[in-house]
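When a ligand or atom number is given, it counts from 1 through the structure's own listing order. We use all heavy atoms of the structure for the numbers below, so side chains are in, but hydrogens, waters and symmetry mates are not. The first residue in the sequence is number 1, and the count goes up from there.
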Amino acid sequence: MTGRILDGKLVAAEVKKQVAEQAEQLGRHGTRPFLATVQVGDDPASTSYLKAKHRAAEEIGIESEHHHLSASTAQDKLEAILGQLNTNPKVHGILVQLPLPQGFDEDSIIERIIPYKDVDGLHPINAGRLAAGKEILVPCTPKGIVKLLTHYGVPVAGRHAVIINRTTLVGRPLANLFLNRDATVTVCHSKTANLAETTRTADILVSAVGREEFQISPEHIKPGATVADVGLTRVGGKLRGDVDFDKVSRLAGFITPVPGGVGPMTVACLLENTVQAALIQTRGG
Ligand code: GUN
């Protein structure tokens with residue numbers, strides 16, 4: 001058996017096409033969706049993710065601006081910038097690229113963003129809504145994974161979804177999205193005992209670890225399972241995911257490649273969230 005590829009590039013292109021149409025429609029009514037991003041410091045991975053986000057926004061008719069601050073910026077300066085973006089009627093979506101450099105209180109920064117401009121879906125109001133089953137502005141990577149599974153007709157209801165990650169950016173919102181779709185969900189993390197024993201019971205396995213020493217191998221996989229790889233690590237100048245693709249793809253039913261799997265879906269969902277935020281702000285939802 002060879003796993004079918006969950007082609008994130010292809011599905012992201014379809015999502016972007018729909019989002020471009022929505023953006024055009026908004027434009028005809030005088031609203032140009034506008035995304036503001038903020039980067040603090042010079043983490044090269046963050047720089048490259050942000051470039052991809054701005055390139056994609058431009059491609060589909062979403063206006064964007066970038067605020068690049070030095071790592072020595074004070075917390076209150078960053079908060080002041082967010083205050084200005086919150087009140088600027090031209091700006092519909094605000095994204096603060098994470099992680100922030102050491103010394104910043106990340107939670108308090110995220111809470112500064114007005115919830116209806118929070119296109120990352122990280123504000124406790126949006127995270128709480130999602131946990132309560134209301135999906136309004138949902139974090140982009142989890143949203144992208146669910147879209148990818150839906151596109152390929154991977155069943156979720158009644159299935160066992162195992163997620164290796166418990167962050168507010170990926171694991172927790174994804175667990176809620178799966179719960180909202182009637183999956184049975186297990187969230188694993190660095191303290192989980194007998195990881196392979198748990199992952200071998202997964203119908204859907206999502207791994208988002210991103211460490212050089214961590215790898216998902218065939219012993220972690222139930223034959224026929226769907227495997228989504230969110231990990232991204234640079235090893236010897238080459239990018240690789242969490243999953244040993246060559247070996248695991250022989251066992252899996254469906255599998256995402258790295259690159260070209262989850263990454264493009266994250267970007268497409270950010271654009272979708274930006275248009276959604278613009279809609280909320282122009283029509284009150
Ligand atoms: N860092 C890695 N992924 C993301 C993301 O989706 N949003 C933000 N803000 N930071 C990230």
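Using a 4.0 Å cut-off between charged nitrogen and carboxylate oxygen, R55 and E59 do not count as a salt-bridge pair. Between E14 and K147 there is no salt bridge, since no side-chain N of the basic residue sits under 4.0 Å from a carboxylate O of the acidic one.
A side-chain donor-acceptor contact under 3.5 Å links D118 to the backbone of H123. Between the E212 side chain and the R234 main chain, no donor and acceptor come within less than 3.5 Å of each other.
Scanning the protein for heavy atoms near atom 3 (N) of ligand 1, the closest one is L169 CD2, 3.7 Å. The single protein non-hydrogen atom nearest to atom 10 (N) of ligand 1 is L98 N, 3.0 Å, given as residue, atom name and distance.
Considering both main-chain and side-chain atoms, C140 never comes within under 3.5 Å of ligand 1 through any nitrogen or oxygen pair. Ligand 1 has a nitrogen or oxygen under 3.5 angstrom from a nitrogen or oxygen of V96. Taking distance alone, with nitrogen or oxygen atoms compared against 3.5 Å, D120 approaches ligand 1 more closely than that limit.
Residues L270 and L35 have side chains in contact (heavy-atom distance under 4.5 Å, counting atoms from C-beta outward).
Considering each of K143, Q39, K53, Q97, the one bringing a non-hydrogen atom nearest atom 2 (C) of ligand 1 is Q97.
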